[in-house]
Amino acid sequence: MSNTRLDEHRIENEPYYLTQGHEVALAEAAYRSGLPLLLKGPTGCGKTRFMQYLAWKLGRPLITVSCHDDLSTSDLVGRYLIRGGEAVWTDGPLTLAVRAGAICYLDEIVEARKDTTVVIHPLADDRRELPIEKRGELLTAPEEFMLAVSYNPGYQSVLKDLKPSTRQRFVALSFSYPDPEREAEIVAREGRVGFDVARALVKLGGMTRGLKDSGLPEGASTRLLIQAGKLMGLGIDTRSACHHGITEALTDDPELLQAIDEMVSSIF
Amino acid sequence: MNADLLKETFLSLVAPDLPNEWDVEEAVEKLAGLDEHRCHSIMNQVPVIWPVSHSLCFDYLKAAADALSCIEPVTLPIWVNRTLDQYEKNGLHSARDYMANVEENFLCPLRGEAGLAFTEVAGRLLPYLRGLSGVKLDLAAAPVVSTDTATIFVPPEISLFREGGDNFLLYKLIVTYQWAFIAQGTLTVTPPQNGNREPEPPGETLWLQEFLHSFANPVLAGDIYHLLETARITRFLEKELPGLMRRWRDLGAEGTIAAGAAACSNECMAVLRRILLEHRGDAAVWPLSVRACRAVVEEHRQARSAYDSITATTKLFPLLHALAPEYSSQAPPLFQGYLRLDAVQAARRERLAELEERFIDALATRLVNFFRRNGQSVENAESSEKLESASNLEQGVALIITGNEKQQNDPAAQTLLLTVNNEEVETGEELEDLASSIISELGYLPERYVSSAAGRAGTGYAPDQGGTDATGSGLTAPVTYDEWDFRRNDFRKSWVIVQEKELPLLHSSFVRETISRYHGQIVRLRHQFEMLRQSERFVRRQHDGEDIDLDAVLESLADARAGLAPSDRLFVRLQRDQRDIAVLFLIDMSNSTQGWVARTIKESLVLLCEALSVVGDRYGIYGFSGMRRLRSEFFHIKGMDEPYDEAARQRIGSIAPREYTRMGPAIRHATSILRRVEARTRLLITLSDGKPEDYDDYKGEYAIEDTRHALLEARAAGIHPFGITIDRQAHEYMDHMFGERNAIFIDDARKLPGRMPELYRMLTR
């Protein structure tokens, strides 16, 4: 049964990913040494895409868990379910990944409560073990298994930070928005727009990223730029594509909305 | 209405004030001829203006009769409001001027005919500029357009076009051009450095200024250079921001004329402006007068940097100087603005001074830390061999900037190495950033920065040791707040000054005595409050959960056997009820609490703190009092994240009745504190003994309405306000101020210590 579940997580086709530096080589080295990965960077800059690419490149299934503050240990490890009058154990995503030697990616790990995140501790050091208390089982991860977590240092509050004991187990890769040329290439390809339009979109993205002091904690991500590009590709006119695809997605503040629209009208 | 009646009405309106009768008579003189309806509508505004300024009120009465000749009595309150805005912003003179011309100042903007004011667009223009530049540039209104590289000055109002949108476009264009001047180095141009020549360290004066002064007519040279740069920037913007430039072109010739490109009395210059700024790519017809300039201008079309414009200026100057020997300064096109190199220089000097201070500070801190870590006490070394060690220290510290020759102009490619006595010390990001900013500004890192930092480190200077001020003094810079005037239905702008202060400490055994007196009650309270603590409990019969609920499984199996529909709620889930609460207690410290009221308030605070220490909610305690709008005081007793320690206990003991109860500003200040706290529930609990009241006109309906409005503002910020009042009887105003069921009155202060923790428990359950 678990095989069919696992097959859904295999990535068959090469995901589009443009390398920014030597992050792929680093991640591969970490994989070969059995070290877990920590990806940090702003929203929509390509962390998840990078994981997909890595999974494809390593030929391992990728099991992604989006963390939230109600995520419990059982949600990760597994639980007993009642089926036809019998209690049946069902593996959680983490256990599934460990058994199958897949890559388990915990997205936005700081969103999960701290007591939940400690279950990954024995997995994330040289023991590479996952104790399943309810079954009295101790799983040892095969060589193919990899643990990866991500978080966004930008909008974390004081309450949401990784504990040092958690973070000091990882090989950390820091992601940021690609440089303008590369970003334009990505936007052009993913958003299916011309290179000139992509470059203008990237310029707009760069401008919104300079508004930190004016009340915009995070500027337009590459993902948003691609989104606007896609809308344009489908015949939505430039200004409304930018307005609905970027401006409105960034803020509710009326003055900032106007200011960003002014940037749009200046660029296009 | 006759003058006597008017005077009487006026005096009754401003009572209990007793203004000089002559002033009143003079002021109402003009109104005597008006009909009753008009007089009433004019008099109705007196209570709005009188408390703000008496002189303004007299001026108003004098001007109102004329004003009513062109505005309807129903719009009179709006006119008064605008006048008051004017007064609060720019003072009495400005308000008088405003009243003097009703048509132009009031009616035109009201009909939407007037231009666009900077204040209307600043909120949209500033983020636009910040986004454009990516650095913290500022905007300000000024009579002429210019920039000093830190601030861009734009006109206070633009009314060249009928359409507000077109006026805004011009604002945007001005800002964009001025930004481009900064970003493209128009004002900070320097000659390119020759490979084989030793680069001259840029001096303290602007190179451009020296360059322009080397000409026979610096004004002409400046105008030529600026015009050439504007032409270059125009091409740059055509490429960078095509949307903006297209929209500008769409305005057509009208736009160019409006921007003043043609407004130039010097013919040669006017022709050049037209050629350079209106050129649309086709071969322009070169008039005979300036044909000599053609080659240079054509060549300048390929200009890539500000220095190319410098070269072109050198070539153009003799030609134009011969054509117009008597050249004097001309009004530039609006978006180009003026070159104000002195201001650029001043801004640069300011920026450098700030950088220098921060750099020396950061470096000194690093050195002090370095010595501490290495067990070398700078202070000790100094005391034994004072002079020698200090000078040794200076000699031992060196900053080395590495980076190969080619990268010399790129500060990012350079590495900063700090060595002390030939030992490398980590520099840190901040220091590196500062150093690279200084290098990009000056071209080099002055030696004296390093030596003064070493000197400062040698004297044991450590900036993080900044001690707290003496008691009773200000904690932070005073903050101004608006105050709500219900008669005006608008805010009095920046009306109150709130100063956060530390309470003067009184050493007393108050807290200890209270704890021992209420010992039994405290034990009971603690027990009650423990129940409120973040609880984890298992909830049974859930659809989903960590574990199987065996009872439910058994039951459902039995049900299934018996042929009943089995339940699918078979799990146990661990439910976490997180308390994520932040509370701010705002204590009325007015004079009226004198005696046992103040004492019971303090006692209930002690009880509450004891109880709260069990729950773990975040809470802060602040007191307020003051006198008049310019001295509203806000006392720090316990900050939101401070522990309930001995110091906090001492401060609770020091709470004492002081002056008046100006509640609105205190609530606004408390709101601003709570706004910074992240919590699911934020509570603002006000503890007072009666109506808000201050020594000035802050009383009665005005005070209640302002407090009510401040509470509404708090509510809008996501804060739940709650009021506790100690009074002999319930008052209707309480419900009006706090909103129904958000306030409670306690008729006997002695009940307060018992009631307050109970109330808190109810509120946060």
Side-chain angles (χ1 to χ4, degrees), chain A residues 69-70 72-75 77-89 92 113 115-116 133-134 156-160 196 199-200 203-216 219-220 238-239 242 250-251 253-268, chain B residues 121-138 165 168-169 171-173 175-176 237 240-248 536 544-550 552-554 556-558 560-561 566-576 578 580 641 677-680:
Chain A
D69 56 1
D70 252 352
S72 67
T73 317
S74 315
D75 290 330
V77 178
R79 57 164 58 92
Y80 277 107
L81 290 176
I82 301 291
R83 232 179 242 133
E86 270 181 274
V88 184
W89 173 260
R113 276 195 317 271
D115 52 337
T116 307
E133 275 167 42
K134 283 179 190 156
Q156 72 184 190
S157 70
V158 272
L159 305 167
K160 286 179 178 172
D196 286 343
R199 216 175 285 170
K203 198 186 290 167
L204 176 65
M207 285 184 184
T208 60
R209 288 168 203 163
L211 288 177
K212 198 161 273 178
D213 292 333
S214 312
L216 198 67
T238 317
R239 287 181 74 172
C242 288
L250 280 177
T251 178
D253 182 272
E255 287 185 336
L256 274 177
L257 283 174
Q258 287 175 338
I260 299 170
D261 274 342
E262 290 302 336
M263 291 172 196
V264 174
S265 74
S266 286
I267 291 174
F268 292 100
Chain B
V121 296
R124 166 156 56 129
L125 219 45
L126 189 62
Y128 168 76
L129 170 67
R130 298 256 170 98
L132 201 63
S133 62
V135 291
K136 212 176 157 231
L137 287 177
D138 273 316
F168 182 73
L169 185 62
Y171 258 124
K172 217 170 115 181
L173 197 78
V175 168
T176 311
L237 291 177
E240 280 295 299
L241 301 171
L244 174 70
M245 299 309 279
R246 191 176 57 244
R247 234 148 266 148
W248 176 243
E536 288 184 3
D544 189 17
E546 272 93 53
D547 224 331
I548 291 169
D549 185 347
L550 281 174
V553 173
L554 271 176
S556 91
L557 282 177
R561 292 261 167 95
S567 164
D568 57 350
R569 295 170 162 268
L570 306 175
F571 295 93
V572 178
R573 199 175 66 215
L574 184 63
Q575 179 105 16
R576 289 183 174 84
Q578 267 185 351
D580 189 5
D641 291 311
V677 179
E678 201 171 303
R680 197 170 292 172

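The chains referred to below are lettered A, B, ... by the order of the sequence lines, with proteins before strands, and numbering in each begins at 1.
Under a 3.5 Å cut-off, the side chain of B/Arg130 and the backbone N or O of A/Gly210 do not form any donor-acceptor pair.
Counting non-hydrogen atoms of neighbouring residues, nucleotides and ligands closer than 6.0 angstrom, the CG atom of B/Asp138 exceeds 12 such neighbours.
The part of B/Asp544 that comes within reach of chain A is its side chain, from C-beta onward, which places non-hydrogen atoms under 4.5 angstrom from that chain. Using a 4.5 Å cut-off between heavy atoms, A/Phe268 touches chain B through its backbone atoms (N, CA, C, O) alone. With a threshold of 4.5 angstrom between heavy atoms, B/Arg247 approaches chain A through side-chain atoms but not through N, CA, C or O. Looking at B/Leu557, the atoms closer than 4.5 Å to chain A (heavy atoms on both sides) all sit in the side chain, from C-beta outward. Residue B/Arg573: no heavy atom, backbone or side chain, is found under 4.5 Å from chain A.
Qualifying side-chain contact (heavy atoms from CB on, under 4.5 Å) partners for A/Leu81, counting only residues two or more places apart in sequence or in other chains: A/Arg79, A/Arg83, A/Thr90, B/Phe571. Partners of A/Thr73 by side-chain hydrogen bond (donor to acceptor under 3.5 Å, both in side chains), not counting sequence neighbours: none found.
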Checklist entry - Can you check side chain to side chain contact (heavy atoms under 4.5 Å, CB included) on A/Met207 and B/Tyr128, steps first, answer last? => result CA-CA 8 Å; A/Met207 285 184 184; B/Tyr128 168 76; 5.8 Å; no
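Each of A/Glu255, A/Gln258, A/Glu262 has some count of heavy-atom pairs under 4.5 Å with chain B, and the biggest count is that of A/Glu262.
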